[in-house]
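Worksheet: the structure to be examined is printed underneath.
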Amino acid sequence: DSKLSIRGVSRTFEGTRGQKTQALLPIDFEVRENDFVTILGPSGCGKSTLLRIVAGLDFPTQGKVLLDGQLVDGPGADRGMVFQSYTLFPWLTVAQNIRFGLRERGMPEAQQKERSDYFIAKVGLRGFEHHFPKQLSGGMQQRTAIARALANDPKILLLDEPFGALDNQTRVLMQELLLGIWESAQKTVLFVTHDIDEAIFMANRVAVFSARPGRIKSEIAVDFDH
Ligand code: ADP
Ligand code: ADP
């Protein structure tokens, strides 16, 4: 049974002068529970568009997305998101960023603290709880974003080039961190990248997009141990 079903999803953007860009051709794709799937393809092939549709931040021109059998028709806390450009709330500390969604849900303070402490430790941010995003390196900000996404216990983690802006050494550290979390936390992950090494290193399944307009050209099962 699928965790995520992408059924006949296409997306056409209309420009201000009526010109049309077909960003995605109809896509059928299934993600199983606990899969780590990378979507690999060149810039502009529609990877972000597909991820944004799954996130509920954009809508398909045709087709639909089901998460645990439920129609996706907007953003929701059941999808944890991490983007390339840091999207932390700049006016909140690391701990406050991580607790944001829990607070929104009305979780009791003590439980919020326990949960955020757990994920702060998990992503290696102990000692940085009270720092603001601008006081942190890019890698640290992405650690915070990952912790914030996980704290809500989402059904799926959606990441769009999350390590694309980091230097090589930090990127490898972050890849290993995310893999470790995936292996221990039993999460379903959809990860967008244009970096073939990253795609193969991270995933147990790689969906390769063709160049524009986006369609899935082939799939690779990666079955070596990390
Ligand atoms: P990728 O993530 O693979 O780099 P995108 O999904 O960002 O590709 O973009 C796919 C295509 O759709 C590109 O041609 C891009 O310019 C276009 N596109 C994406 N978002 C919009 C938008 N909001 N309006 C118009 N065109 C868009
Ligand atoms: P990436 O290449 O990392 O996917 P882009 O720079 O293509 O990112 O897109 C960043 C944002 O701009 C996205 O929200 C996308 O939907 C939007 N966008 C991309 N291309 C266009 C476009 N031609 N017109 C309007 N918005 C666009």
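Each ligand, and each atom within it, is numbered from 1 in the order the structure gives. Note that the structure is predicted; figures quoted are calculated from it, not measured. Heavy-atom basis, side chains included; hydrogens, waters and symmetry copies ignored.
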| said: Within ligand 1, which atoms have a heavy atom of Cys45 less than 4.0 Å away? | reply: 1 (P), 3 (O), 8 (O)
| message | According to ring pair (Phe, Tyr, Trp, His ring centres under 6.0 Å), who are the partners of Phe119, at least two apart in sequence or on a separate chain? | response | none
| query | Applying a strict 4.0 Å limit to heavy atoms, is Gly15 in contact with ligand 1? | reply | no
| side-chain hydrogen bond (donor to acceptor under 3.5 Å, both in side chains) partners of Asp197, counting only residues at least two apart | none
| message | Please determine whether any non-hydrogen atom of Ser43 lies less than 4.0 Å from an atom of ligand 1. | response | yes
| query | Cation-pi between Arg148 and Phe89: NZ/CZ under 6.0 Å from ring centre and within 45° of the ring axis? | reply | yes
| said: If the cut-off is 4.0 Å to any non-hydrogen atom of Lys47, which atoms of ligand 1 fall inside it? | reply: 1 (P), 2 (O), 3 (O), 4 (O), 6 (O), 8 (O)
| said: Would Thr21 count as being in polar contact with ligand 1, using the rule that some N or O on each side must be under 3.5 angstrom apart? | reply: no
| remark: The side chain to side chain contact (heavy atoms under 4.5 Å, CB included) partner of Lys187 among Asn34, Ile181, Leu150 is Leu150
| query | Would you say Phe13 and ligand 1 have an N/O pair spaced under 3.5 Å apart? | reply | no
| With a 3.5 Å cut-off and no angle check, do the side chains of Thr188 and Glu33 form a donor-acceptor pair? | no
| said: For ligand 1 and Ala23, I'd like to know whether there is a polar contact (N/O to N/O, distance under 3.5 Å). | reply: no
| query | Should we count NE2 of His194 as having more than 12 external heavy atoms under 6.0 Å? | reply | no
| request: Below 4.0 angstrom from a heavy atom of Pro42, which ligand 1 atoms are there? Numbered from 1 as shown, please. | output: 3 (O)
